[in-house]
2 protein chains.
Amino acid sequence: MTRLAGSSKLLRAINESATLALLLDRGTLTRGDLRELTGLSKPTTSEVMRRLTDAGLAVVVGHTSGGPGPSAEIYAANPAAGHAIAISVREAGRPHLSAVLCDLAGAEVARAEVAAAADPLPAVTGLVDDLSRRAGLAPGSTRLVQLALPGSYDPAAGVIRHIDVPGWDRPGLVADLAARLGATVAADNDVNLAAIAERHHGVAGAVESFALVWFSGGLGLAIDLGGTLLRGARGGAGEIGYVPVGLGRGADRTDLTDLVGGPAVLRLAGTHGIAAATPEAAVAAAVSSADAGPFLDALAERIAYGLAAVAAVLDPPLVVLAGDVGRAGGEALATRVTAALRATTPLDPAIAVTGVPGDPVLRGAQAAANHALRAQIIASSAPR
Amino acid sequence: MTRLAGSSKLLRAINESATLALLLDRGTLTRGDLRELTGLSKPTTSEVMRRLTDAGLAVVVGHTSGGPGPSAEIYAANPAAGHAIAISVREAGRPHLSAVLCDLAGAEVARAEVAAAADPLPAVTGLVDDLSRRAGLAPGSTRLVQLALPGSYDPAAGVIRHIDVPGWDRPGLVADLAARLGATVAADNDVNLAAIAERHHGVAGAVESFALVWFSGGLGLAIDLGGTLLRGARGGAGEIGYVPVGLGRGADRTDLTDLVGGPAVLRLAGTHGIAAATPEAAVAAAVSSADAGPFLDALAERIAYGLAAVAAVLDPPLVVLAGDVGRAGGEALATRVTAALRATTPLDPAIAVTGVPGDPVLRGAQAAANHALRAQIIASSAPR
DNA sequence: CGGAACGTTAGGCAAGTTGGCTAACTATTG
DNA sequence: CAATAGTTAGCCAACTTGCCTAACGTTCCG
């Protein structure tokens, strides 16, 4: 609980934050709208807007017309009041960075892709400077950088774990980046950010909670509980590759990675006479061919096994199949998984295919960056 | 986000709530302490305390002495400002209710146990009236009733699911109770409430999050994430009895209940030559005997299998073994489970035995009731 | 059909209310 | 006597109510 107490300054700060938050949420509002939404009086609303525009946080974007009376000014949060950069990091032979610079309104201002050098520090700072210059921003005016990582970030220890990209596992890297950039640097798992994209741009817009299963070379799970992501003790929640299958021990031991990890999917495709270079290609081939039902059925059964364990622990109303393999499987795979799950357990979450177009990880990072930037701007409008 | 805006009245409400919350949290405080904690000035602190005492929410409980200057008044939240009742419901041949009435400070005022009639409505109202009368409270002065149920409550549908106690599955029962009692009625799963007890009185006081596994006749899991419990889409989170074991289908299918449910534990004990009437008796016998290692090892291995699935999804820093069987197993079982888990998975949550004495469900319900009552009182001190 | 009157709405200004702060003062106790 | 608890008085900041002006669309009469 926020234990706040204070005097008139606090009141002013509260009212300004509330007004700015409304502008950010709803886009454009007139003074009259704000008056109704905040419950404040006309003079106060005017004063608050005067302060917000003076501070460069709000701008007049138009005038009403058509009705009786004078035209009212339409306000919006100033899109240029802050900028954030989302960076997706992945390993593709060498470190590869995709980045988007967007403004406070969430609009994309600049975009870049680089095959980076080994040392992350100059790679990221160079990318940030490049984007800022191309967007015509003063260097250092980016207030927030969101990293999407193929690993898990432990903020308590300040270290990125389980990451295969060289140089990125150095302790203190995130803090060093923040110091060098003069910006807040947030870091999160790529699958978690894909889940954020799913909530903003995909099929999970309306649900209270959902779980997103990421099938690709690796295997991952993101758990969204009412809009906040579950991260676990050391950022390790959702490592469902370790879910055990059967009671085997030692060499006999089997886990979910052995069942539906990338190599396992390729092997399964092979036993059904489907040869492909990647698991997603194998699944795509199966979906488009006429007689590949048995392969998909077998794969769905394995996926359903993993989902049964997840559903028994979390009981999510919706499970989204994502990642290259999940997307390639499409509705054909989703309906088979649903059937397999219903046949084996009494739990019945809805199963859907990801609805995010393009690069879900970068889109999710962009959404997360924008969200954090808004929170930062709202908080900064209320000093102390 | 609470989007609040307002005038001086809001300020006063904020300051009063903050002060009352501090009193509830810290027990006893002088005006000077409050001044320091809230940052308010001397006259304002006096005014706030005058209002709180006038409203009967705070009382003077003593005076400082020893230092120079006049003695300062020591304030506390008025324990009699509100009362709550915790009721644990279970099936024992016939419906059985255990109840505790406690005041705002959390102190027990009265206690009752009844083997109740079939209809829950008169049983509960009778119990509440009886406790109130014995505590010398005016009828209807109890503002909050917390129910602990061997089932899951779906607040959206207003129905208690998966409950074996006759009469308690009637739709609308909780709302009817609230109307008849003129009080807020909260309902929660008994294992969830045992987890709350574990946080307040047991071994989970300091951790950020933990999972509590309940071994008894049935099998349950409570997930505490930073003090809030995960409940799932339809209150079904933690139904780990459904976690599948191996890829069998149909009659061949095995789940965790078949492995570590009460009957399964009894059977396992039997194969190791231990005969007992209940699973907890079997485990207790094994722990106290010298040569029952093999049984405990086998049981620990099965438990570790279930925990591996839970840990892969949630990555909790701590797992507490609770319920009759978990408590009977004690440290002997916990160390074996730890070893078995380390041997099979790379995940390494700490494993501990429940540290809650007495009836953990009722204690947890009492803690939950007290917490909700405090929130209610704080909220009611800030009108609108 | 054109223009003036009317009603409606945006926004500003002035006076009044509320709540909290500072500073000075009184009272109390080791 | 020195230090501290608590009160009183006056001030300030922020919000509200009520009223005013100006702008705009509509309507109605000449």
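Fair warning: this is a prediction, and the values are worked out from it, not measured in the lab.
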At under 4.0 Å between heavy atoms, how does the protein contact nucleotides 20-30 of chain C? Give one character per nucleotide, 5' to 3', with B, S or -.
SBBB---BBBS
Computed from five pairs at either end and rounded to 10 degrees, the angle between the axes of the helix from C:dC1-D:dG30 to C:dG30-D:dC1 is 10°
To the nearest 0.5 Å, how far apart are CG in A:L37 and CG in A:L23?
9.5 Å
Spacing of A:L10 atom CG and B:L10 atom CG [to the nearest 0.5 Å]
8.0 Å
Looking only at side-chain N and O atoms, does A:R31 come under 4.0 Å of OP1 or OP2 in C:dG12?
yes
If we only count heavy atoms from C-beta on, is the B:R363 to B:H200 side-chain gap below 4.5 Å?
no
If we only count heavy atoms from C-beta on, is the B:D188 to B:R231 side-chain gap below 4.5 Å?
yes
Let me know the distance between CZ of A:R50 and C1' of C:dC13, rounded to the nearest Å.
14 Å
Just the rounded figure in Å: distance from P of C:dA10 to CG of A:L29.
13 Å
Of A:I378, A:L104, A:I377, A:N78, which meets side-chain contact (heavy atoms from CB on, under 4.5 Å) against A:L57?
A:I377
Counterpart residues, side chain to side chain donor-acceptor pair (under 3.5 Å), relative to B:E73 (two or more places apart)
B:R31, B:Y75
Here the salt bridge (charged side-chain N to carboxylate O under 4.0 Å, His left out) pairs for residues 131-142 of chain A, sequence neighbours left out, are A:D130-A:R133, A:D130-A:R134
First contact, last contact: which nucleotides of DNA chain D are these for chain A, 5' to 3', heavy-atom distance under 4.0 Å?
D:dA14 to D:dG25
Check whether B:E16 reaches the backbone of B:V48 with its side chain - one donor and one acceptor, N or O, closer than 3.5 Å.
no
Suppose we screen for salt bridge (Lys or Arg N to Asp or Glu O under 4.0 Å). Which residues come up paired with A:R199, at least two apart in sequence or across chains?
A:D224
When you check the side-chain N and O atoms of B:D33 and B:T30, is any donor under 3.5 Å from an acceptor?
yes
